[in-house]
Asks: 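Below you will find the structure I want to go over with you.
Quick note: residue numbers are just sequence positions, from 1. Treat the numbers as computed from the prediction; the structure is a model and nothing was measured.
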Amino acid sequence: MIKRSFALLLLAAPVLAAQTVPPPPSVLRPADAAIIGGALAASAILIPFDSRIVEWKGIPAFRNSPGVHRTLSATAFLGGPGTLIASGALYAAGRIAKDRNLAIDGEAALEAATISGAVTFMVKGIAGRARPLVDSTRADDFALLRGFRGDDLYRSFPSGHTTVAFAFATALATRLSHRHDASAGWAGPAAFTLATFTGVSRIFYHDHWFTDCLTGAAIGTVSGLAVARWHERHP
C-alpha cells in the first residue's frame, strides 16, 4: 500500500509542479485590448466630427506658412518610411559596434513596424474607408472590403504612417526603459513627439481623418509593446 502511494506521488509530481508554477505572461495583455478597444470606441464617437477636424488646414496661418509645410512634410517622411530606415540603421550600428542591445533595439522596432503594418493593411482592406481627399465632408464613407479592390483612395482607416511611427516609438521606448538606459529620458519622448506629428501631417494633407490616426496610434502602440515584451522574455 505504501509503495503504491509512493508510486502515485511520483507519477503525479510533474502534474502538480505544472499547476504550482505559473505560466509566463503572454506578450499580449488585457491592457492591450483596452488600448485597441478604447481607440475604436473613441473613433466611433468622433467620426461625426472628423470633417470639422480636417477643416483646420484651411486656417490661413497654417495653410500659408512655409515653416508648417516643411515641418509636416519632414515628419510625414520621418515618421513613416523614415522609421524603417532608422530601425535598420540601429540594427546595423549595433552589429558593427558589437552592441547587442542596440542591434536588438533596431530589430524590435523593425518587427513592431512590420507586424503593425500587416495588421493595418488588413483593416484598411476590410474597412474600405474613403480618404478626405475623395470628399472631406464624408467621414462616414466606409464600404466593406472596398480597400482590397486596388484603389488607395479607399484605404484610409487606419493611418499606416501613424501606425508605423507609434510602433517604432513604443518598441524603442519600452526597450530602453526595461534596461534603464540613460537615453530613455529623451529618446522615448522624442520618438513619440515625432509619431504624433506624423499623425498631424497626415490630417493636414487630407490623407487621413483624425480617427484614422487615433486607431493607427493604438495598433502601433500595442505592436510595439508586444514585440518589446517578447524580446525581454527572449534576451
Side-chain angles (χ1 to χ4, degrees), residues 22-44 46 75 78-91 94 99-124 126-127 157-200 202 208 210-235:
S26 171
V27 295
L28 290 174
R29 313 277 173 83
D32 300 333
I35 292 172
I36 298 294
L40 290 174
S43 295
L46 293 172
T75 54
L78 292 173
T83 57
L84 302 179
I85 296 171
S87 300
L90 286 173
Y91 177 77
D99 185 333
R100 191 167 183 275
N101 281 327
L102 186 61
I104 295 178
D105 288 344
E107 183 181 342
L110 186 58
E111 289 169 352
T114 302
I115 292 170
S116 63
V119 172
T120 299
F121 175 80
M122 293 301 297
V123 178
K124 281 175 177 287
I126 294 169
F157 181 85
S159 166
H161 280 68
T162 309
T163 299
V164 170
F166 272 89
F168 173 87
T170 304
L172 181 61
T174 306
R175 285 271 309 156
L176 294 174
S177 177
H178 280 171
R179 66 173 187 270
H180 305 289
D181 193 282
S183 63
W186 63 266
F192 279 110
T193 298
L194 176 61
T196 301
F197 271 93
T198 298
V200 171
R202 303 304 284 166
H208 286 286
F210 171 76
T211 50
D212 297 338
C213 297
L214 176 62
T215 302
I219 294 172
T221 297
V222 170
S223 299
L225 287 171
V227 169
R229 290 169 189 150
W230 191 91
H231 279 282
E232 185 182 18
R233 186 185 299 174
H234 302 85

Asks: Using ring-ring contact (aromatic ring centres under 6.0 Å, His included) as the criterion, list what pairs up with H180, not counting sequence neighbours.
Replies: none

Asks: Measure across F197 and T75 and return the closest heavy-atom pair with its distance rounded to 0.1 Å.
Replies: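 That closest heavy-atom pairing would be O-OG1, 3.6 Å.
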
Asks: Of all the heavy-atom pairs spanning R202 and C213, show the shortest one and how long it is.
Replies: CB-SG, 4.1 Å

Asks: Could you give all pairs that pass the ring-ring contact (aromatic ring centres under 6.0 Å, His included) test and reach residues 211-235, with sequence neighbours left out?
Replies: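 Found W230-H234.
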
Asks: Should H161 and P81 count as side-chain neighbours, where that means a heavy-atom distance under 4.5 Å?
Replies: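 With C-beta onward as the side chain, the pair touches.
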
Asks: Taking only residues at least two apart or on different chains, which pairs with a member in residues 100-110 satisfy side chain to side chain donor-acceptor pair (under 3.5 Å)?
Replies: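 Output for this query lists D105-R175, D105-R179.
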
Asks: To the nearest 0.5 Å, tell me how far I104 CD1 sits from Y91 OH.
Replies: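 So the gap between those two atoms works out to 9.5 Å.
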
Asks: So which heavy atom on A108 is nearest to which on V227, and how close?
Replies: O-CG1, 3.4 Å

Asks: Which residues pass the side-chain contact (heavy atoms from CB on, under 4.5 Å) test with T170, sequence neighbours left out?
Replies: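 For T170, the residues satisfying side-chain contact (heavy atoms from CB on, under 4.5 Å) (neighbours in sequence not counted) are T174, F192, T221, L225.
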
Asks: Could you measure the distance from the CG atom of L176 to the CH2 atom of W186? Nearest 0.5 Å is fine.
Replies: 8.5 Å

Asks: Taking all atoms of both residues into account, what is the closest heavy-atom pair of T162 and A217, and its distance?
Replies: CG2-N, 4.0 Å

Asks: Which pairs pass side chain to side chain donor-acceptor pair (under 3.5 Å) with one or both residues in residues 191-200, sequence neighbours excluded?
Replies: none

Asks: Can you give me the closest heavy-atom contact between S87 and A109, atom names plus distance?
Replies: OG-CB, 3.4 Å

Asks: Apply the test side-chain contact (heavy atoms from CB on, under 4.5 Å) to residues D32 and I36: give CA-CA distance (whole Å), side-chain angles for both, the deciding distance (0.1 Å), then the verdict.
Replies: CA-CA 6 Å; D32 300 333; I36 298 294; 5.8 Å; no

Asks: Carefully, step by step, assess T215 and V123 under the rule side-chain contact (heavy atoms from CB on, under 4.5 Å).
Replies: CA-CA 10 Å; T215 302; V123 178; 6.0 Å; no

Asks: Return yes if some donor-acceptor pair links the side-chain N/O of T120 with the main-chain N/O of S116 below 3.5 Å, else return no.
Replies: yes

Asks: Do you know the tightest heavy-atom contact between L46 and F210?
Replies: CD1-CE2, 3.6 Å

Asks: Roughly how far, to the nearest 0.5 Å, is CG of L102 from OG of S183?
Replies: 9.0 Å

Asks: Rounded to the nearest 0.5 Å, what separation is found between the CD1 atom of I219 and the CD1 atom of I115?
Replies: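 Result: 13.0 Å between the selected atoms.
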
Asks: Enumerate the salt bridge (Lys or Arg N to Asp or Glu O under 4.0 Å) contacts for residues 212-224, please, sequence neighbours excluded, ordered by first and then second residue.
Replies: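 As it turns out, the salt bridge (Lys or Arg N to Asp or Glu O under 4.0 Å) pairs with a partner in residues 212-224, which skip direct neighbours, are R129-D212.
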
